[in-house]
Number of protein chains: 2
Amino acid sequence: MKYPETPAVLVKNKHFKLADVSTKDKGVFGETYAHKESAQPRLAALRQRLVELQENLYAEHQRSLLLVFQAMDTGGKDGAIGNLLTGVNPAGVQVASFKAPSAAELAHDFLWRIHLKAPSRGHIGVFNRSHYEDVLVTRVHELIDKKTAHQRFDDINNFEQLLTRSGTRILKFFLHISKEEQAERLQDRLDEPAKRWKFEPGDLKERARWDDYQDVYSDALAHCSTDDAPWFVVPADHKWTRDLAIAEIVVATLEDMNPQPPKADFDLKAQVIK
Amino acid sequence: MKYPETPAVLVKNKHFKLADVSTKDKGVFGETYAHKESAQPRLAALRQRLVELQENLYAEHQRSLLLVFQAMDTGGKDGAIGNLLTGVNPAGVQVASFKAPSAAELAHDFLWRIHLKAPSRGHIGVFNRSHYEDVLVTRVHELIDKKTAHQRFDDINNFEQLLTRSGTRILKFFLHISKEEQAERLQDRLDEPAKRWKFEPGDLKERARWDDYQDVYSDALAHCSTDDAPWFVVPADHKWTRDLAIAEIVVATLEDMNPQPPKADFDLKAQVIK
């Protein structure tokens, strides 16, 4: 399908580099909207449309939509997911957050725990982190080498193809922030008592490997963005353009899926309620 | 805890009968609110407070809240769940709908598939139908006898006690409608094309066993309403009093739990962001 024009960049080739995408780009939104507030009506309309489309997806009960979110720490995954889906009936949404794998999960292949959380028919599934962690953090920390990572890219593409063939539409979003923006957001978490629980000292160790992460992310996005399961790099220093870009792409995709409540498969006139 | 006064009836004794509870009672709401519209500000305030409490529950990440919904067909489970939770971040809510068990599920004890869907720490879990189906539909259709049903009541109480001891607060709601109200709602589903997909001819066969269902429901509620996992019978012919009663009870329970974001367990001054 043709996706709507947003600041998000659809990854299309094997030589893709994150460094080539601005984290602050407002793209077409900068021309359309004078400022954040003037974009609010559009975002509200998209969220309302999302509610309707989700209801039809649920009623149809044949297909599902999977949204994968990845980002560096403080990249805004929680915020983006909340801002997109708050207002949608939680009965139609399945959010899975993937943390460090448990011993039982490590005793299986890396896609095993992911497969268990694939969205069921009629639902919007959300992955807050995902199977991609297994070609990112593992690689930065040299738990796997490049050859293994590239084998896993194949495994991932095959797995996502399986889901697609079984009726799951897939969209993947990398929320792209700058290292300076991350510094501000981490400092915020330290400074504001209400946000402090989100801070972990270990985050600073990962931050020190910023460039390594950008490299392995670039490699993963370049090799695992397919027509059926595309990666979008969403400039995410500005939260409002981030949220609007995601909403535009998700709603356009659901419009393209065009879910419909099923027709009655029984004889209407024969139904007599006593 | 002491629950707020609402038209919902807390089941307290072993001789409880559904027939003794009105399906139309507005209770204290009838005195407080002149009509449906005048109750809207209160409902909106409760929903807003629910959003805040859920955020704290999620941040605390120690306990969970499980809401169990049961009703006769058209009783309003989907509507009540949607009206309570739409607006809460779906990342903090886990909704499980239990249909007829699969072959794999039937190959285990009746609580096995339920246990898999118990809410994880920090989440509000919702059961749309539940383990109670296994002492209701199975009993009406004589797949189990009374002795087995009563053994299962013990199993259920023990299971719910396990969850409670592990940090899960439990509230159970039976949405109580009259047989006449069900007739109207079924007819609505037939008459309105947009609702027709919700109708199944098999619903009429179950409707014919109305009195049997009321009996086995009465028995189950009477034996499985405990201090830790109470059953509330919610008059549900009026949707607004139903939704308001549930919201009052859920919010009061979360207030009683009083979840708090965790304090930082690291040396704040030692954190330097480079």
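A note on names: the letters A, B, ... follow the listed sequences, proteins ahead of strands, and every chain is numbered from 1.
In this structure, the portion of A:Ser97 lying under 4.5 Å from any heavy atom of chain B is its side chain and not its backbone. Using a 4.5 Å cut-off between heavy atoms, A:Leu204 contacts chain B through its side chain alone, with no backbone atom that close. Contact annotation for A:Val126: neither backbone nor side-chain heavy atoms come within less than 4.5 Å of a heavy atom of chain B. For chain A, the nearby part of B:Val272 is the backbone; its heavy atoms alone come within less than 4.5 Å. Contact of A:Lys274 with chain B is made through the backbone alone, with heavy-atom distances under 4.5 Å.
Contact count against chain B (heavy-atom pairs under 4.5 Å) is highest for A:Gln187 among A:Lys198, A:Lys263, A:Gln187. If you tally non-hydrogen atom pairs under 4.5 Å between each of B:Ile81, B:Ile124, B:Leu186, B:Leu268 and chain A, the highest count goes to B:Leu268. Per-residue heavy-atom pair counts under 4.5 Å with chain B were compared for A:Pro201, A:Gly87, A:Pro261, and the maximum is reached by A:Pro201. Heavy-atom pairs under 4.5 Å with chain B peak, among A:Pro262, A:Ala264, A:Ala270, at A:Pro262. By number of non-hydrogen pairs under 4.5 angstrom with chain B, the leading residue of A:Asp265, A:Asn89, A:Ile273 is A:Ile273.
Under the 30°/60° scheme for interplanar angles, the aromatic rings of A:Phe127 and A:Phe98 are found to stand perpendicular. Using a 30° and 60° split on the angle between ring planes, B:His141 and B:Tyr213 fall in the perpendicular class, above 60°.
Remark: of the listed residues B:Tyr132, B:Phe69, B:Tyr217, B:Tyr217 is the sole one forming a ring pair (Phe, Tyr, Trp, His ring centres under 6.0 Å) with B:Phe174. A side chain to side chain donor-acceptor pair (under 3.5 Å) with A:Arg113 is found for one member of A:His108, A:His131, A:Glu105 and no other, namely A:Glu105.
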Q | Full working for salt bridge (charged side-chain N to carboxylate O under 4.0 Å, His left out) between B:Arg189 and B:Glu192 | A | CA-CA 6 Å; B:Arg189 289 185 179 179; B:Glu192 294 185 33; over 6 Å; no
Q | Candidate pair A:Thr23 and A:Glu181, rule side-chain hydrogen bond (donor to acceptor under 3.5 Å, both in side chains), full reasoning | A | CA-CA 9 Å; A:Thr23 59; A:Glu181 180 69 20; over 6 Å; no
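Put simply, the side chain of A:Gln182 reaches to within 4.5 Å of the side chain of A:Arg207, judged on heavy atoms.
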